[in-house]
Amino acid sequence: QVQLQASGGGLVQAGGSLRLSCAVSGRTFSKYPTGWFRQAPGQEREFVAAIKSGGRTYYGDSVKGRFTISGDNAKNTVYLQMNSLKPEDTAVYYCAVGLRLDSFTYYYTERGYDYWGQGTLVTVSS
């Protein structure tokens, strides 16, 4: 069984920073993509960032240049460093891992992921 635990959310001021963590248990996923998505109330779930085993990272246009995804394979943990936060970043943030072959292709969409955490709420005030 694979379990993901997202943590680190909270209330921050616009322009501030926050670091989210996603701990993955069950096995080592160093060779598979791990991603972050977010969903604001009443809105579609949006791709935020993903990381692959080779260290390559990918970002959604709305967060590029402000957010950084990184991983610690020894700890089976993926991080999302969020800087220069804006009120529009307010959402529930979910981490996910993909174990399918096409996860390497569809890292930018929900179809690429098999396991999801429950999410952590980030609120950015103006």
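Here the structure is a predicted model, which means the values were calculated and not measured.
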task: Following the transitive rule for hydrophobic clusters with a side-chain heavy-atom cut-off under 4.5 Å over Ile, Leu, Val, Met, Phe, Trp and Tyr, establish whether Y59 and V124 coincide in one cluster.
output: yes
query: Are Y107 and V48 joined in one hydrophobic group, where the rule is that I, L, V, M, F, W and Y side chains link up if heavy atoms are under 4.5 Å apart?
result: no
query: Taking the six-membered ring for Trp, are Y113 and W116 parallel (under 30°), tilted (30 to 60°) or perpendicular (over 60°)?
result: perpendicular
query: How long is the gap from SG on C22 to CD1 on I51, to the nearest 0.5 Å?
result: 12.0 Å
task: Check for a donor-acceptor pair, side chain of S103 on one end and backbone N or O of G112 on the other, with a separation under 3.5 Å.
output: yes
message: Could you check whether any side-chain heavy atom of L20 comes within less than 4.5 Å of a side-chain heavy atom of W36, counting everything from C-beta outward?
response: yes
Pairing of D102 and R111 as salt bridge, 4.0 angstrom limit: no
- prompt: Have S62 and E46 got a donor and an acceptor in their side chains that come within less than 3.5 Å?
  reply: yes
message: Is the distance from the ring center of F47 to that of F37 below 6.0 Å?
response: yes
message: To the closest 0.5 Å, what do you measure between OG (S125) and CG (L85)?
response: 10.0 Å
Connected via hydrophobic side-chain network under 4.5 Å: V24 and F104: yes
query: Roughly how far apart are Q39 CD and L121 CG, rounded to 0.5 Å?
result: 12.0 Å
statement: Here the pair of heavy atoms bringing V122 nearest to G9 is CG2-CA, 4.1 Å
message: Do R45 and Y94 make a side-chain contact, defined as non-hydrogen atoms from C-beta onward lying under 4.5 Å apart?
response: yes
- line: Tightest non-hydrogen contact, residues T90 and A40, listed as O-CB, 3.8 Å
statement: Nearest heavy-atom contact between Q13 and S126 is NE2-O, 4.0 Å
Charged N-O contact under 4.0 Å between D89 and K86: no
Smallest separation among heavy atoms of V78 and T34, with atom names: CG2-CG2, 3.6 Å
message: So, taking the atom named CG in N83 and the one named CG in L18, what distance separates them when rounded to the nearest 0.5 Å?
response: 9.5 Å
task: Step through the shown structure and confirm whether more than 12 heavy atoms of other residues, nucleotides or ligands are within 6.0 Å of OH on Y58.
output: yes
message: Return the OG to CD distance between S70 and Q81, rounded to the nearest 0.5 Å.
response: 8.0 Å
- request: Please examine the side chains of V2 and S25, heavy atoms only from C-beta on, and report whether any two atoms are closer than 4.5 Å.
  value: no
statement: Taking every heavy atom of G119 against every heavy atom of V92, the minimum-distance pair comes out as CA-CG1, 3.9 Å
- prompt: Out of curiosity, T68 OG1 to M82 CE, how far, rounded to the nearest 0.5 Å?
  reply: 11.0 Å
task: Please check if any side-chain donor atom of D72 sits under 3.5 Å from a side-chain acceptor atom of T77, or the reverse.
output: no
- request: Look at atom CD of Q5 and say whether more than 12 heavy atoms of other residues, nucleotides or ligands are closer to it than 6.0 Å.
  value: no
query: In terms of hydrophobic clusters joined by side-chain contacts under 4.5 Å, are V12 and F67 together?
result: yes
field: Y93 and R38 side chains, donor-acceptor separation under 3.5 Å
entry: yes
message: Tell me the closest heavy-atom pair linking P87 and A14, and the distance in Å.
response: CD-CB, 4.1 Å
